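Everything quoted here is computed from the prediction, not taken from an experiment.
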Amino acid sequence: MRDLHKHKGMRQKLVNELARKGINNKKVINAIYNVPRHYFLDDAFDEWAYRDVAFPIEAEQTISQPYTVAYQSQLLDVQQGDLVLEVGTGSGYQACILAEMGAKVYTIERQKSLYDKTSSLLNRIGYGNIRTLHGDGYLGAERFAPFDKIIVTAGATSIPNMLFDQLSINGKMVIPVGKNGSQTMLEIIKTDVDKFDLKRRGGFKFVPFLEGVN
Ligand code: SAH
């Protein structure tokens, strides 16, 4: 794995494009500039790594479009030292962006093959501090709760109770929720054990949030 001058150039163009599309959070921009996205795709797709598009990885999953990663990361508003749970590890790219923003990251993936592959990749590229978990994201990660922030990167049909329970008071969850394959990004602030404020953000299309492990 090599991060060359040309890759940095492509990343600079990508962050410029994201800034034009409304991403103005400095931590997000720096993180996207710092994380070599081509490490998460096959070598043959170096150029594709820096286009603002989603891309198939394996096991019928995708690495989210850079704009989507940036958008969710900006809404999540990570502060240094925040304990963050990501549901849907996938390629591991989003987890690295959160780590770069200063979060202590736990990430959970339901597919064992993807969990294995991504765990070893994260170690190899210097993100071994990200804790990867194999399990059903609907259940969250009780052992490590409460989390300051929770980010779901698969399309849910409702807000999973167990994830809400594992959020600290004043914590925030960013989750795409919807039916028939398209979702609205929800920004949820937990104001009390059983209360929250909800803001509806943009429309997106995520792969489905499925129950159980595989
Ligand atoms: N965040 C990823 C993109 C994830 S795509 C990235 O940066 O590349 C969505 C991922 O969510 C897929 O890998 C899928 O297997 C996973 N997923 C779907 N349902 C899940 C569940 N219940 N628990 C954990 N992971 C789940």
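- One distance of note links OH of Tyr106 with CG of Leu98; it measures 14.0 Å at 0.5 Å rounding.
- Annotation: side-chain hydrogen bond (donor to acceptor under 3.5 Å, both in side chains) contacts of Asn16 (sequence neighbours excluded): Gln12.
- Using modelled atom types, one side-chain atom of Lys190 and one backbone atom of Leu167 make a donor-acceptor pair closer than 3.5 Å.
- Note on Leu114: it clusters hydrophobically with Phe45, by side-chain heavy-atom contacts below 4.5 Å among ILVMFWY residues.
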Side chain to side chain contact (heavy atoms under 4.5 Å, CB included) between Phe55 and Thr62, worked out
CA-CA 5 Å; Phe55 208 80; Thr62 56; over 6 Å; no
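- For residues 67-76, the pairs satisfying side chain to side chain donor-acceptor pair (under 3.5 Å) are Ser73-Gln94, with sequence neighbours left out.
- Cluster annotation: Ile150 and Met101 are assigned to distinct hydrophobic clusters (Ile/Leu/Val/Met/Phe/Trp/Tyr, side-chain heavy-atom contacts under 4.5 Å, transitive).
- In terms of modelled atom types and a separation under 3.5 Å, the side chain of Asp148 and the main chain of Leu83 share a donor-acceptor contact.
- Counting heavy atoms from C-beta on, the side chains of Val84 and Lys104 never come closer than 4.5 Å.
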Check step by step if side chain to side chain contact (heavy atoms under 4.5 Å, CB included) holds for Ile63 and Arg37.
CA-CA 10 Å; Ile63 174 171; Arg37 193 167 184 269; 3.6 Å; yes
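- Residues Val78 and Ala103 approach most closely at CG1-CB, 3.7 Å, considering heavy atoms.
- Remark: Ile108 CD1 to Asp136 CG distance equals 7.0 Å, nearest 0.5 Å.
- Contacts of Leu198 classified as side-chain contact (heavy atoms from CB on, under 4.5 Å), with partners at least two apart in sequence or in another chain: Ile159, Leu186, Ile188, Phe196, Arg200.
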List the steps, then state whether side chain to side chain contact (heavy atoms under 4.5 Å, CB included) holds for Lys8 with Arg11.
CA-CA 5 Å; Lys8 293 198 177 74; Arg11 280 207 292 287; 3.7 Å; yes
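- Within a 6.0 Å sphere centred on CG of Asp194, heavy atoms belonging to other residues, nucleotides or ligands number more than 12.
- Linking Ile, Leu, Val, Met, Phe, Trp and Tyr whenever their side-chain heavy atoms come within less than 4.5 Å puts Tyr138 and Val87 in one cluster.
- Of all the heavy atoms in Leu133 and Ala141, the pair that sits closest is CD1-CB, 3.7 Å.
- Enclosure of atom CG in Asn123 by more than 12 non-hydrogen atoms of other residues, nucleotides or ligands within 6.0 angstrom is indicated.
- Side-chain contact check for Thr184 versus Arg201: every heavy-atom pair is 4.5 Å or farther apart.
- You'll find the side chain of Ile32 reaches within 4.5 Å of the side chain of Ile97, heavy atoms only.
- In this structure, OG1 on Thr89 lies 8.0 Å from CG on Leu122, to the nearest 0.5 angstrom.
- In this structure, Asp192 places its CG atom where more than 12 heavy-atom neighbours from other residues, nucleotides or ligands lie under 6.0 Å away.
- By the rule that hydrophobic residues join a cluster once side-chain heavy atoms approach within less than 4.5 Å of another member, Met10 and Leu14 end up as members of one cluster.
- Proximity of Ile130 to Cys96: side-chain heavy atoms (C-beta onward) are separated by under 4.5 Å at one or more points.
- Under 3.5 Å, the side chains of Thr107 and Glu86 contain a donor-acceptor pair of N or O atoms.
- In this structure, Val213 is not a member of the same hydrophobic cluster as Met162, with clusters built from ILVMFWY side-chain heavy atoms closer than 4.5 Å.
- Between Phe204 atom CZ and Thr153 atom OG1 the span is 12.5 Å, to the nearest 0.5 Å.
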Gln79 and Asp77: side chain to side chain contact (heavy atoms under 4.5 Å, CB included), yes or no, with the steps?
CA-CA 6 Å; Gln79 303 299 316; Asp77 190 28; 3.3 Å; yes
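- Looking only at side-chain heavy atoms (C-beta outward), Pro160 and Phe164 stay at 4.5 Å or farther from each other.
- The shortest non-hydrogen separation linking Ala156 to Ile175 is CB-CD1, 3.9 Å.
- Counting only heavy atoms from C-beta outward, the side chains of Gln183 and Val177 never approach each other to under 4.5 Å.
- His134 places a side-chain N or O within donor-acceptor distance of the main-chain N or O of Arg110, the cut-off being under 3.5 Å.
- Listed for the Glu109 side chain is a donor-acceptor partner under 3.5 Å among the backbone atoms of Gly90.
- A salt bridge links Asp52 with Lys21: the distance from a Lys NZ or Arg NE/NH1/NH2 to an Asp or Glu carboxylate oxygen falls below 4.0 Å.
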Criterion side-chain hydrogen bond (donor to acceptor under 3.5 Å, both in side chains) on Gln80 and Asp82, from CA distance to verdict
CA-CA 6 Å; Gln80 187 67 38; Asp82 270 358; over 6 Å; no
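- Rounding to the nearest 0.5 Å gives a distance of 11.0 Å between OH of Tyr39 and CZ of Arg124.
- Tyr127 is listed as a side-chain neighbour of Val35, based on a closest heavy-atom distance under 4.5 Å.
- Interatomic distance, NZ of Lys27 versus CG of Leu76, reported as 11.0 Å (0.5 Å rounding).
- The shortest distance between side-chain heavy atoms of Leu121 and Phe40 falls below 4.5 Å.
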